[in-house]
Structures are given as C-alpha cells and as structure tokens.
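A short worksheet on the structure shown next.
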Amino acid sequence: MTGPLVPFREIVLKVHSRCDLACDHCYVYEAADQSWRGRPRTVSEQVISEAARRLAEHAEKHRLPSVSVILHGGEPLLAGPGRLRRVCEELTATVTPVARLDLRIHTNGVLLAPRFLDLFEEFGVKVGISLDGDRAANDRHRRYADGRSSHPQVLAAVALLQQPRYRPLFLGLLCTVDIANDPLAVHDALVALDPPRIDYLLPHATWESPPKRPGGAASPYADWLLAVFDRWDRQGRTIPVRLFDSVLSTLRGGPSLTESLGLAPADIVVVETDGSLEQVDSLKSAYEGAAATGFSVFRDDFDAVAAHPGVRARQRGLPGVGDRCRRCPVVRSCGGGHYTHRYDAERGFDNPSVYCPDLLALVRGIEARTPMPELLDAAQLADAGLELNRSLLARLHTALDGRGGARWARAWELATRLDGPGLDRVLADPYARRWLLATLEALEGARPGAVTTAHRLAAYTVAAAVHDGAELTLPVPWTGGRLHLPTLGELRPPVPTPRGVAEVTVADHGFTVRHAGAEHHIGRPAQPGPYWRPLTRIDGMVLDDLDPYRDCFESPVRPPLGPRAAGEWGRRVARARARLARSVPHYAPTGLLTTLTPLAGGEGPEVGRHGPGALGLPLDLADGPLAVALLRGGRRAELRALLDVEDLYDMDGAWRHPSPWGPLPVSRLLAETYEAVAVAAYGGDAPTPAELGFALDALERAAELTLAGKSLVRMVRQEWKEVSRAREHR
C-alpha cells in the first residue's frame, strides 16, 4: 500500500499479562494466540521508559495535539498501585511536554479500591469497567477460575466510581453481547448503574470459529441489539451507547465512533509487557501470531509499526474491504465490520464480517427507526446562509488576531454597532462568502496582502450604513481606479486615480466620497450619477457585473455592461421568469436566488465558490434556453444552499453510478436528477421518463447518501410522480 503513514493516536500499554478472572469468552487467553504464556507478568521499568519515549517521539514528529494511552492486560490492576504510579509518572513527564495526554485504564473492576482511585485522580486516569449486565448475564462468562461470581465485586467497584470524588474518572461500562442473555434485563441493569457511557461489543469470532446462531437464525445479534436500541430510545437515550451513536453518526454523514465499525483508518498500536509492538489485541482471535509485527520499543519506533503491511491493510478505508462489501449500501456505517471478524484460513481477511447479516440488519433497523430529517425551505436556507457568513466573519476577526490594526478595529466596531437589517443585507450577498473564504485562506497561507484584503470589511460596513440610513465616516479601500460598495454599485471617475484609501461619510441613505483631492456626493445610490454606477435590479433580483469577487465561475465573467445592455438583459430575464412562474410555479426560482452575473462564455448556468444565491449565466442565451437555464440555476442554488447546512452524502467519488448522463459520482447524479425533474416539468430537453426513473433508482441504492440525502431523494421521487401524472394528462 502506498500513501502517507497514518500516525498512531492511541496506544494500548499492557501493564500485566495475567488475569484474576477466567472469562471463557476472553480473546487473550481462550483464543488461537497463546503468546501471553511466554511474556513477563508485569511490565518492566525499561519497557515503561522506552514506550513513553517512543510515544513522545511519535507525537512530536507527527505534530499530534493529543494522544491516548490505555492501560490494559490481562488485568491491569494486578500490576499494583506502585507499578501503575511509575507508568503514570513516566508517561506524564515524557509525553505532556509534547502533546496532551489522555490516560485510561480498562479493568474487570474486582480489585478496584480507593488506593487505585486516588492514584488515578492524581493523574487524571479514566476508568472503564467490563460488566455483562445483571448477575445472571455476568456470571455466564465472567467468573473466577473456581467458578465464583465476580458480580458483587464489580458492583462495588462501580459504586466507588459513583462517589462524587471519583465520578469524573468513570469512563463507562463495556458489555460483551451474549444472545443467550435477556437483552432488556442486561440493558436495564447497566442503565441502573448510571454510567457515563455503555459500549456493547460483539464477541470476537471468525469464519473459522463462527458465532453461535441458535436455530439457524439469520441475524440474532442484530435482533438482540435492536431490542436494546428500542429500550434505549424509549428511555430517552439519556446514556450514550457508542455502538448506536456510531451508526447514527454515519447515517447522518459523520464519522464512525468505534474501531469495530466504519471505514476510518486504524490508529492503535499495542505495547506488550516485554516491549513487543503488536497490532490490536483482537487479532489474537484469528490465529497464532496474527497480531505480531516483529518490532519492539527497544529497537523500533512507532513509524515502523505504522508501515507494517498488516497495519496498512487496516488503513485503506473502502479499498480495504472486499468487493461484496464495497457494493453494500450500508458499508459506510459498518465498514465491513471488525477486521478480525473477517478472517478465514483460506482467504485471510479478504472476506465480509462473520457478522455480516447482523450488521446489515442492525444498520437497516436503526435507519428504519430514525425519522427522516425535514429539509429546510427557501427562507430557512437563506437564514442559514446568512448565519454561515456571520460565523465566517467572526472567524476572520479571530484569525486576524490584532493584525488588522486600527482600520480593521474601526470597521469591526462600527459593523457590530450597526448590527441590523443593513448588515444582514450586505452579509447575505453571495459574493460576501467568496470574499470571506478567500481572505481566510490567504491568512491561513500567510500570503502577502491578506490583511489588506480583510480591510474590505469597511466597504460592507459603509453599504450597511447606507441601507439603514445610519451616519458614520470610515476609510474604505480604493482599488483598480474605483470604489466598490457591495449590494450598491461602484464609483469610477474617468481619470484613473491611484490605489489607496477613500474617506466615505454616510448620512441619510446617501454618502460622500473624498479621495485624491476630489469629492463625490451620491445622494440617491439607486440612481446613476456622475461617475456612479448602481447595480441593475432585475425583477426582484440583482444583476451584479461589478463585484470584484464575482470572478469565481468556470467561464470568464463579462466586463461591466452599459446601462442599455444591462436593462435589455434584465427585461429578457424578467420575461423568462414570468414564463416559468406561469407554467411551473412549483419549480420557478425562489427568493433564494438573488444575484445574476453575466458570463462571457459557457452553455448554461454556473455556480461558483460563493454563497448559493448567485448564478452565472451566458449573456447571449436565446429566450428559450435562458428560461431553462434559470430553472436549472434555481434548483442548483437550492441544492447548494442545502449542502451548506446538511450532509446529503459522504465519501463522494468513492463510487460511480450508472445514469442517463454516464457513470457519475453521487454529487453529480443527485444534482443532475434534481435539475432534470424540474426541466421535465417545464417540458424542456430532459431524459426520458424511464431514464429519470433509472437515475432515481440508482440514487436510492447509493451507499453515500445520508438520512438527509435520502429524504431529499424521497422528495424528488414524489415530485417526479407528480410530474409524470401531469405529463400523462397533457
């Protein structure tokens, strides 16, 4: 596998290699790999020191802001408070100068006592406890070697962690699923202990040693977990359950929250008590030596492990799962299942999970139980776009961190004082998004002129004051021989004047500009005046051929039009909009589309890297194509606005879907279909009904779609049904 190494952000440090319980489902002692027998019982001082040094070295090399260390076993508490103190001291002293250290310990809890918790409190060690439910469920596997129950001791450990002093240390409960146990009794027993989180874990199994399926049931583990999900849902989801939260996250386009699901690359390395560096412990369920790498903290750094073929195989994301999994519509959520659970002796790990039917049923079951999100309407999308621009402006202020000097400070002060309809109007301008993004990128890249670009805030502040009828005086950048005020127009004297700063005074909805010894008074900004060119208004929209940030389309923008040409184009656009409003009112461009910019070329509507309210249109489109372009452009603007606030899909480009337009990534397929339904309603040149139905079928099968994306496709399917019925009655 090629590509950059994925650094380890989490290490498992084995502090003791033996256990005081004899759990018959343990992957360390009861599985194929028995390498624990030849390892030291307790981690040595030398291994502690070298592991800490290697971790600090790794964090510094890869500039990791934080790393996690899980103290593990066997049973880590068998190492005793003294040895655990040395581990915490060494890790803290060595790692914290380089990165934030998150210390955790996973224990069966039977030895947990105040002497341990006082130590963990001192070093901020979070405690996770293994507990399989009520006494009957826990006793099924988690017993002492002589058969005694461990349940009372575990409950005592949890009670200690519930004390106010120790509660901040409580990480949660880990429960291994056994379908022989009553799922509701298990869940209720765990919830009654009020843990911060519950982890339900499928028992480790492979195709060589498959899980039990009583009576040949197709998906008994999904059935068990969905029963728990329903109880959890009825209880108000008051306690996080990582497995369920992970599936819900991926269904909405977010990341997986657990190593056992999802396509995120593995970033865990294990340090054994003898200093051996291994892959994740669960691989011991597959075969003897499956987790081994041949590396050691005494000889090798963590990058050597990260480059190991076994580790790299678990970092490939979608290409790392088999063909069958790549074709599966739930692969974003299940990720092909836990890597260990794919193993068989013939094909290695190139198989679906042995729990494949359960994972499919679990994801489908949770999806069916989750209401589809309601998509925002045009007014709500416009409000969301404005809020996004406001947040970008706040981010710009933070990024400048004082570098904008007195000019930025003055413009910022007046903008925040003006905060009202005028400021909303100028910040809602689609090209404001382009200015904000370009300026943030320039600052983050430390490019020359970034701070100067930020000073354009003064022009927005002045324009806001004009709209509100406020009074102020502010220096505004003068560039390219002109002064541009967003949403209003530009002042361009006939004799070019140098770059610099103009002093602008606003009073009573007009303004006066003083620059290079000249003074210009604009009393009515909506009307042309000497050297003043206002923006052209088109049937409730704006023809913006002036904004310096409009040049963000694939096709070049036209130079500013003369008043006659702008007026004629505006009238043609108004006629086209009127035709759309009469024939397809449901699909006619909404108020979300506010700005049109003439392009010098191209064949149809274009959206650039700006807010969704702007559309680029070729100036020379005939009337018929102009109406269709407006129709398509309105739909494109809606989709862009929706994508600003919703994750409609994830992993765009991972698959190519057959469509009437050829094989397409899901983003293109969704956009083309969304526009084509409107064009078909208008009677324009669109795919045939069969082809549109085929495109919708492909979208409904697409693994990339989130719940919001599926909600949109469901809406488009309904639109297409209505369009089809209307076409039949013509």
Side-chain angles (χ1 to χ4, degrees), residues 327 329 372-378 381 576-577 579-590 592-593 602-607 612 615 617 621 624-643 646 648-730:
R327 293 193 302 269
M372 288 284 186
E374 292 189 14
L375 302 177
L376 302 183
D377 61 25
L381 289 172
R577 292 187 75 194
R579 284 197 300 274
L580 294 173
R582 288 192 303 270
S583 59
V584 283
H586 176 71
Y587 299 100
T590 66
L592 191 64
L593 188 60
E603 298 180 356
E606 294 186 22
V607 292
L615 187 67
L617 288 174
L621 284 178
L626 177 60
V628 174
L630 280 170
L631 188 63
R632 295 178 71 92
R635 295 284 272 189
R636 199 166 296 184
E638 291 171 5
L639 190 58
R640 278 285 305 277
L642 194 54
L643 283 165
E646 294 279 9
L648 300 180
Y649 41 76
D650 185 33
M651 298 177 61
D652 183 36
W655 291 270
R656 294 272 170 169
H657 302 277
S659 80
W661 307 277
L664 294 177
V666 73
S667 58
R668 284 283 312 282
L669 177 59
L670 181 59
E672 294 287 355
T673 307
Y674 191 64
E675 294 174 28
V677 168
V679 174
Y682 181 61
D685 185 16
T688 66
E691 288 173 332
L692 264 176
F694 177 71
L696 284 163
D697 290 344
L699 280 170
E700 288 173 345
R701 292 192 300 269
E704 304 98 312
L705 289 184
T706 65
L707 289 175
K710 291 180 180 182
S711 183
L712 179 62
V713 171
R714 181 179 296 181
M715 184 198 80
V716 176
R717 171 74 78 177
Q718 184 59 36
E719 285 182 336
W720 175 235
K721 288 180 181 177
E722 294 169 3
V723 169
S724 298
R725 283 196 293 266
R727 288 162 64 105
E728 289 172 2
H729 290 89
R730 284 177 184 171

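Closest non-hydrogen pair, Ala676 versus Pro687, comes out as CB-CD, 4.0 Å. Taking both residues in full, the closest heavy atoms of Ala708 and Glu646 are given as CB-OE1, 3.7 Å, listed atom of the first, atom of the second, then distance. Taking every heavy atom of both residues into account, Leu639 and Ala671 meet most closely at CD2-CA, 3.6 Å. Nearest heavy atom pair, residue Ala637 against residue Leu593, reads CB-CD1, 4.0 Å. In plain terms, the two heavy atoms of Leu617 and Ala629 that are nearest each other are CD2-CB, 3.7 Å.
For Pro658, the side-chain contact (heavy atoms from CB on, under 4.5 Å) partners are Phe694, not counting sequence neighbours. Applying the side-chain contact (heavy atoms from CB on, under 4.5 Å) test to Ala695 and every residue at least two apart in sequence or in another chain returns Pro660, Trp661, Leu669, Thr673. Here Glu606 pairs with Ser555 under the side chain to side chain donor-acceptor pair (under 3.5 Å) rule; sequence neighbours left out. Here Asp652 pairs with nothing under the salt bridge (Lys or Arg N to Asp or Glu O under 4.0 Å) rule; sequence neighbours left out. With sequence neighbours excluded, the residues forming a side-chain contact (heavy atoms from CB on, under 4.5 Å) with Leu580 are Val584, Ala588, Pro589, Ala627, Leu630, Leu631, Tyr682, listed by chain and number. Checked against side chain to side chain donor-acceptor pair (under 3.5 Å), Ser583 has no partners two or more places apart in sequence or in another chain. Qualifying side chain to side chain donor-acceptor pair (under 3.5 Å) partners for Arg579, counting only residues two or more places apart in sequence or in other chains: none. Listed by chain and number, the residues in a salt bridge (Lys or Arg N to Asp or Glu O under 4.0 Å) with Glu722 amount to none (sequence neighbours excluded). Checked against salt bridge (Lys or Arg N to Asp or Glu O under 4.0 Å), Arg640 has no partners two or more places apart in sequence or in another chain. Not counting sequence neighbours, the partners of Arg635 by the side chain to side chain donor-acceptor pair (under 3.5 Å) test are Glu719.
Remark: Leu642 CG to Leu375 CG distance equals 5.5 Å, nearest 0.5 Å. A distance of 4.5 Å separates CG of Leu692 from CH2 of Trp720, quoted to the nearest 0.5 Å. Here the CG atom belonging to Leu707 is positioned 5.5 Å from the CE atom belonging to Met372, to the nearest 0.5 angstrom. A distance of 10.5 Å separates CG of Leu712 from OH of Tyr649, quoted to the nearest 0.5 Å. With rounding to the nearest 0.5 angstrom, the CG atom of Leu699 is 7.5 Å from the NE2 atom of His657. For the atom pair Thr706 OG1 and Met651 CE, the distance stands at 13.5 Å (nearest 0.5 Å).
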Margin query: If you apply the rule side chain to side chain contact (heavy atoms under 4.5 Å, CB included), what do you find for Val607 with Leu615, and how did you get there?
Written below: CA-CA 5 Å; Val607 292; Leu615 187 67; 4.3 Å; yes
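The salt bridge (Lys or Arg N to Asp or Glu O under 4.0 Å) analysis of residues 674-684, with sequence neighbours excluded, yields the pairs Arg632-Glu675, Arg636-Glu675. Within the structure, every pair that satisfies the salt bridge (Lys or Arg N to Asp or Glu O under 4.0 Å) test and touches residues 702-716, not counting sequence neighbours, is listed here: Glu367-Lys710.
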